[in-house]
Each structure stands twice: as C-alpha cells, then as structure tokens.
2 protein chains.
Amino acid sequence: MPGGRKLPDRDELSTWRDFIETTDLLRGRISARLQADSGLSPGDYAVLLALTEAPDGRLRSSDLAAHIGWERSRLSHHLGRMERRGLIRREECLTDSRGAEAVLQPAGKTAFDAATIPHLRAIRELFVDALTPEQLAAAGEIAAALGRHLKSREMP
Amino acid sequence: MPGGRKLPDRDELSTWRDFIETTDLLRGRISARLQADSGLSPGDYAVLLALTEAPDGRLRSSDLAAHIGWERSRLSHHLGRMERRGLIRREECLTDSRGAEAVLQPAGKTAFDAATIPHLRAIRELFVDALTPEQLAAAGEIAAALGRHLKSREMP
DNA sequence: AAAGTATGATGGACACGTCAACTACCGGAG
DNA sequence: CTCCGGTAGTTGACGTGTCCATCATACTTT
C-alpha cells in the first residue's frame, strides 16, 4: 500500500475522539434511562431478554453466555447478583452434573416487562431520532465494516 | 409530529444493536492494545495526556477533571491508583488550601511516551483503516449529530 | 478401566465507575 | 468578625468486568 502512513492525522484523530466519546455518552444515557425506568442495568436486561426468549425461561449458563456474548466468569458474577435480587434462580443441570441453569423468576419477568417498552422508546429517542435515515443506514454500514475489520484481525 | 411512532422498528433496532455492540468491541480492542503495549488503561492515558500538555506537568484536580470530562470523584479514585503506581504525585495547592494538584512523575512521563505511538497506530489500524474516507466522514457527522441531540436533551 | 485432557462453573483479587456522605476551606452578607 | 452557602477533594459502599486459579465432572485414548 503506497504511502501507507502509520499514524492518524489530526482530522482522523479528532474524528476518533468524537466518535468514541459520543458513543460512550450515548451508552451511558441509555443505561441511565433503563436504570431509572426499571431498576435494571443493561447487563440485567440482556440476561432477562435471553431468558425470556428461551423455552421455559431457562438456559444453561454456557449457552446463555454464548448467546449474549459474555465470558462465563462475567456471567457467573452477574447471575450471583441477580439471584440475590430474586430476578433469577440457579438450578443444577440434569443431563450434565457440571452444568447449571439460570431460571427466570417472576420478579425477573415483571422487571423485564416493565423495562422493555421504555427501553425501546429510549433507543428511538436518543439514537434513531438523532439521525437522518441516511445517517442511520450509514451507522449500520460503519458498524458492519468495523465488525468485519475487527474480526479479520482477531489473531493476526 | 405526525405519524410519530414511539418505538424503533426491526431494522432500526438491529442497527442499534450492531452499532452499540461494535463500538463496544472496538473500544475494548483499543484498550487491550494500549494495555499490552504500555501497561496503561485508557483512563491512565487520558490523565497523562492532560498532564503532559499542562505547564510544568501539573494541574488542579478540578481543572484536570473538567479537561477530560470526568467527575471529581472518579478522578480522585483514579489518581489514588495512579499515585500508588508512581505515575503521578499529589501536592497541596498553594493558593487554595482546599485544592490539590496532580503532578506528572518521571515514571508517568516514560509510560506515556512509550504508549502514545503504539496507541495512535492502533487507532489507525483498528478504526481509520476499517473505513473508507466517506465512511470516516460519515462517522464524524454521526457523532456530531448524536452529540448535539444528546446535549439538547440533557434536562428536557 | 485408568490416565490424561477438555469443559462447565465458580471464586478471589483487583481495576474501574457512580452515588452519596463527609471534611475542610473559600468568600460574601450581615 | 461571624455565620453561611458554595466549592474542592476524599472516602466508603457497592455494582460491574477481567484475569487467573480451582474444582468437579465429562470425554477420549490406550
């Protein structure tokens, strides 16, 4: 690649900073809305969403972790906290004695149901409504391009 | 606003998820590279950058916090950790007995100098090089639009 | 079947962030 | 000068994430 500079120039760096700071801010705002509306963190919401969509509201820990893209350790810690709050329960797995299942509890279902509409509304108000349709499409393409690029460099 | 739906449709939601997950992944990758290359976290880097650019490598805590956009409490915790590692030092402020100054230490300067080129390279490789020039420009515009939108709704 | 390897889950140690309480000090109103 | 509201900074409690060690169980190989 001819002229392949190694470092970003001033404009590129400034775009990077704007981009990363603004997405951080956006994430924080959505998270704060979710917390205020339902008392759930984004992590809680992701777990409850996966359990809600699963048959019988239960999932093997590893499957749940894979589904939401978390490390098992992270999930284990989080499930511990959610169990303390009565949102989910842990059960032993019948077919694999090593395994554990996370089971949705009524309190978890209630909290999730209360959270979801306001959460979707927040996404619309803070993200979708901020952008023109063209910008929204561009955001999707940018995410896809970044994702491909990062995946291609996982273990270079 | 006529026809103002309240909730995002399927495509909008999918774009949201892609966007937020990918930017998260990107942030994590850049952070991991920084950590591997220099032993610094993004927070460390932000603090050291501000101190490096300040006269005499020293700044009032509040000024530093404002400069990098952190809450004072967050900065206080972080400075404590950085002080334990010898990256910075805290001094009393001469003109205001309530105040404290953060002072860049040689170890901090060294770590920052070692970090900055690899960090800029990582930004280029993982962010800038992932996008076409048009996409990069669009990313800047999207960040600006999101930023304006969020600012306009700080206390609605 | 015994031995070795891989997998599922957990736990501790630590870094990081937020929130609210607290201390100490400043600067102005009276 | 005294009181008092505002400001600077720290601290503790707690939720959150990562890394790494550990343990038990499952699987695979001989």
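All chains are named by letter (A, B, ...) in the order of the sequence lines, taking the proteins before the strands, and each is independently numbered beginning at 1.
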#### Entry: pair A:P118-A:R33: side-chain heavy atoms closer than 4.5 Å
no
### Position toward the 5' end of DNA chain D (nearest nucleotide), A:Q35 or B:L75
B:L75
### Query
Considering only heavy atoms from C-beta outward, does the side chain of A:E92 approach that of A:S97 to under 4.5 Å?
no
### Query
Base, sugar-phosphate alone, or nothing: which one does A:S97 contact when heavy atoms must sit under 4.0 Å apart?
sugar-phosphate
## Note on the structure
note: B:D63, atom CG; D:dA8, atom C1'; distance rounded to Å ~ 11 Å
#### Entry: Within-4.5 Å side-chain heavy-atom neighbours: B:H119 and B:D37
no
### Message
Using only atom types and a distance under 3.5 Å, with no angle test, would you say the side chain of A:T22 pairs donor to acceptor with the backbone of A:D18?
### Response
yes
### Query
When the distance from CD of A:E101 to P of C:dT10 is rounded to whole Å, what number comes out?
12 Å
### Message
Whole angstroms only, please: what is the CZ-C1' distance between B:R72 and C:dC22?
### Response
13 Å
### Query
Where the side chain of A:R60 is concerned, which of C:dC25, C:dT18, C:dG8 is the nearest nucleotide?
C:dG8
#### Entry: Donor/acceptor link under 3.5 angstrom from A:R74 side chain onto base of D:dG17
no
### Message
Distance check needed: D:dT16 C1' versus A:D24 CG, whole Å only.
### Response
15 Å
#### Entry: Donor-acceptor under 3.5 Å (B:D44 side chain, B:S41 main chain)
yes
### Task
Determine yes or no for a side-chain-to-main-chain donor-acceptor pair under 3.5 angstrom, with A:H149 supplying the side chain and B:E125 the backbone.
yes
### Task
Figure out the CZ/P separation between B:R27 and C:dG17, and round it to whole Å.
11 Å
### Message
Rounded to whole Å, please give me the gap between CG in B:L94 and P in D:dA8.
### Response
17 Å
### Query
Would one find a side-chain N or O of B:R90 under 4.0 angstrom from OP1 or OP2 of D:dT10?
yes
### Message
Whole angstroms only, please: what is the CG-P distance between A:D44 and D:dC14?
### Response
17 Å
Identify all pairs in which a protein N or O lies below 3.5 Å from an N or O of nucleotides 2-6 of chain D, and state each distance.
{"from": "D:dG6", "atom 1": "N2", "to": "B:R98", "atom 2": "NH1", "distance (Å)": "3.1"}

### Task
Determine yes or no for a side-chain-to-main-chain donor-acceptor pair under 3.5 angstrom, with A:D56 supplying the side chain and A:R58 the backbone.
no
Under 3.5 Å, which N/O atoms of the protein pair with N/O atoms of nucleotides 12-15 of chain C?
{"from": "C:dG12", "atom 1": "O6", "to": "A:H77", "atom 2": "NE2", "distance (Å)": "2.8"}

### Task
Determine whether A:D24 and A:R27 make a side-chain contact, defined as any pair of heavy atoms from C-beta on separated by less than 4.5 Å.
yes
#### Entry: Pairwise side-chain contact, A:T116 with A:Y45, heavy-atom cut-off 4.5 Å (strictly under)
yes
### Task
Let me know the distance between CG of A:D96 and P of C:dA9, rounded to the nearest Å.
7 Å
